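The structure displayed is predicted, hence computed values, not measured ones. The chains referred to below are lettered A, B, ... by the order of the sequence lines, with proteins before strands, and numbering in each begins at 1.
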There are 4 protein chains.
Amino acid sequence: MVTEHLGAARTPGRPRSEKAEKAIIDAAIDMIAEGTGVAELSIEAIAARAGVGKTTIYRRWSNKEDLVVDALATLKAPMPELEGKSVREDVIRYLAGMQQETHHRRTRCIMNIALSESERFPHLAERFREIAVKPRRDALRAVVQRGVDSGELRADVDVEVAMAALTGAMIFFTKWRENDDELPADLPERIADQILAGLLP
Amino acid sequence: MVTEHLGAARTPGRPRSEKAEKAIIDAAIDMIAEGTGVAELSIEAIAARAGVGKTTIYRRWSNKEDLVVDALATLKAPMPELEGKSVREDVIRYLAGMQQETHHRRTRCIMNIALSESERFPHLAERFREIAVKPRRDALRAVVQRGVDSGELRADVDVEVAMAALTGAMIFFTKWRENDDELPADLPERIADQILAGLLP
Amino acid sequence: MVTEHLGAARTPGRPRSEKAEKAIIDAAIDMIAEGTGVAELSIEAIAARAGVGKTTIYRRWSNKEDLVVDALATLKAPMPELEGKSVREDVIRYLAGMQQETHHRRTRCIMNIALSESERFPHLAERFREIAVKPRRDALRAVVQRGVDSGELRADVDVEVAMAALTGAMIFFTKWRENDDELPADLPERIADQILAGLLP
Amino acid sequence: MVTEHLGAARTPGRPRSEKAEKAIIDAAIDMIAEGTGVAELSIEAIAARAGVGKTTIYRRWSNKEDLVVDALATLKAPMPELEGKSVREDVIRYLAGMQQETHHRRTRCIMNIALSESERFPHLAERFREIAVKPRRDALRAVVQRGVDSGELRADVDVEVAMAALTGAMIFFTKWRENDDELPADLPERIADQILAGLLP
DNA sequence: GCATAAACGAGACGGTACGTCGTGTCTTATA
DNA sequence: TATAAGACACGACGTACCGTCTCGTTTATGC
């Protein structure tokens, strides 16, 4: 890469079509967003939808998984702004962001895929963590750490455990709630306040 | 069943073989435990492994999901005893139970299946919640409620949120930890203490 | 076969569908008769035309060639009656039969296939010889031999060479004539008479 | 072409490479000689074998058949000398030539291709007739005609039928003999004598 | 000598057919 | 009536070539 301007090697033959690549990824994302599971995704269908020969897909990705990984990578995960005045405010905003994401069809599907296929498609899961989970985690960690540093939170707070409790609680409600009722609107506040305050009298 | 000895109506023809049924379910469980995802589970393979015709499977279950549901039902989820002297002790024991389950290959696979396929196989998820999640949830709820009633915990504790925080934190570590290092042995204590104490000074 | 009534082995499972088999062979024959060469014959197309899964074809024949062999076998080649009063009359009738066969679309196609694909599909050629060529050859040999025996032909006639000359001459006109003009109607007589009479003065 | 010496327009750009052309034809011939049927001949393989791009082939020939036609044209068919003293001698020499050709691997393959693919590749067949069949046919016709003119043969001999009988008989033995035994060495004599003498007493 | 322009190798492109596998249904003989 | 065995129509798999289409490079001339 560094030496490219010095006459770096150029592969001979016709270069791969970026248009085709985009069409393939778009088709895959659309189908996933429409509810097709990764396992149900057929290369044949993606090719047909993208108006592309199957070979053009196999030339780029040897697995369905690799394709989906690349597809996921194109999805920019919008991040909530967490520059609030207090830890409580930021945490609530963060949790509210999580809660809201379950409403957007596209985000929800992608997230579900990422979460639910992780066991079977480890590459996929890892990549998802990298592009979607990690930035959020880092943002939340910064919020908590800032609280510890400023004295807003206790000095002996275990940052990782605190993050796990906050995030885990919301995920728990989102994914394993017992009925399909809408989540209460004040859930972020309730989670934040309770974890901040603790359970002890 | 109960009235059978009274000469009640008996369906004519050859009765279904319990042996076959057991063989099918065993085969399915084994394959899942060996890492085969529900989607990858092929009826053909189950039949071959169980030494059974495919018809014999389809006669009993109309689809793969129903089969897996029944297979799951045969797995008795051992519950930790939560009759400890304090809320803290019980919570730690509960979390430790969760953590340990991730070590047993079989339990882990089953749990992963149940968790990860929930989106695509809703019946399966529901059934799993019923036989595996609910009893635990109830047990934990009882522990927390007991704490509230006894004054060991604050009176205004939101029991559901507390449960979500405790369970969610552990799941978070179990499923979304950043590296594959062994979980620290004192994780249950750390989670319990932090959530009990809260984050505020 | 002979001992079948004594309790011969019966393969378990659903027996192969004769209807499907017939549909496949019919489809193949039709496509060949319509001018599709053996090499151009696609299993996919045969299956579609026969309303049959590809597997059903592959289950029966491992090669396209084997399929065509069996297809050919179902074609009964009608034989001319050769019970005439003289060798000359029988020979002319025989040659006229050959000439006529080139007019019937179906017969012609089959024959062409058989002849033209023989190099690449040896099984096919062998089978064709067996069911189509040999009976005719035998019939002609009988005619010539009868002539020798009866004194109608010379005693020192080389029967095989005589047959080759007669049949070969007609094939030569049929397949390698220089233009596509219709063959003259009196060709059988001309060939027969000339070969019977010889070239010497 | 005609005006070239007048300084006519010369096509600009790089001229076609004769080397490439030769390499392509050689590759094609080799593959045919090795037993590959025309239908099995893949342009891809020819290009690879010739070390040439596929475009270079398609630029010269619009289809496989045209390529093979040109390939065949490069094969000079050696003709037997037929300047013998008698018709009998020349005919025997001619037939012996046919018989021998079936021994040379290369000749045999080419001939087989030409014969067997004629139905499906009409251009090919026509060209083959032109470069390989017609000269021989003409030579044989001259021999027979010479016999008729000189009185060595009967005046009323049908030259075309005589040629068909002679050539056809040999082809018949060559291509449709019942077993794979070696052809008898005296076959040319036997055919010639029998056809010259006729079958009648 | 240097621009022009076609031919060149390489290889990607949209397709079609390949032969295999798994689906869920069906059809046998046997229990 | 249930069973095992296995055939059935269907549809997706991943591969091989098809004939076409870019690429960057090479190789002849004509200015």
Does the base of E:dG24 carry an N or O that pairs as donor and acceptor with the side chain of B:Lys54 under 3.5 Å? yes

Is any N or O donor-acceptor pair between the side chain of D:Thr55 and the base of E:dA10 shorter than 3.5 Å? yes

Taking CD1 from D:Ile43 and C1' from E:dA10, how many angstroms apart are they, rounded to a whole number? 17 Å

Atom CH2 of B:Trp61 to atom P of E:dG24: distance rounded to whole Å? 14 Å

Could you give the NZ-to-C1' distance, from A:Lys19 to F:dC21, as a whole number of Å? 12 Å

Is the backbone of B:Asp66 close enough, under 3.5 Å, to the side chain of B:Asn63 for a donor and an acceptor to pair up by distance? yes

Round to the nearest Å and state the distance from C:Glu65 atom CD to E:dG19 atom P. 13 Å

Quickly work out the B:Ile57 CD1 to F:dA2 P distance and round it to whole Å. 16 Å

Looking at F:dC21, does its base get a donor-acceptor pair with the side chain of A:Arg14 below 3.5 Å? yes

Taking OP1 and OP2 of F:dT15, is either one under 4.0 Å from a side-chain nitrogen or oxygen of A:Arg59? no

Measure the distance from CD1 on A:Ile24 to C1' on E:dA12 and round it to the nearest whole Å. 11 Å

Charged N to carboxylate O under 4.0 angstrom, C:Glu21 versus C:Arg60? yes

C:Glu44/C:Lys54 ion pair, N-O < 4.0 Å: yes

Just how far, in rounded Å, is P of E:dA12 from CD of D:Glu44? 11 Å

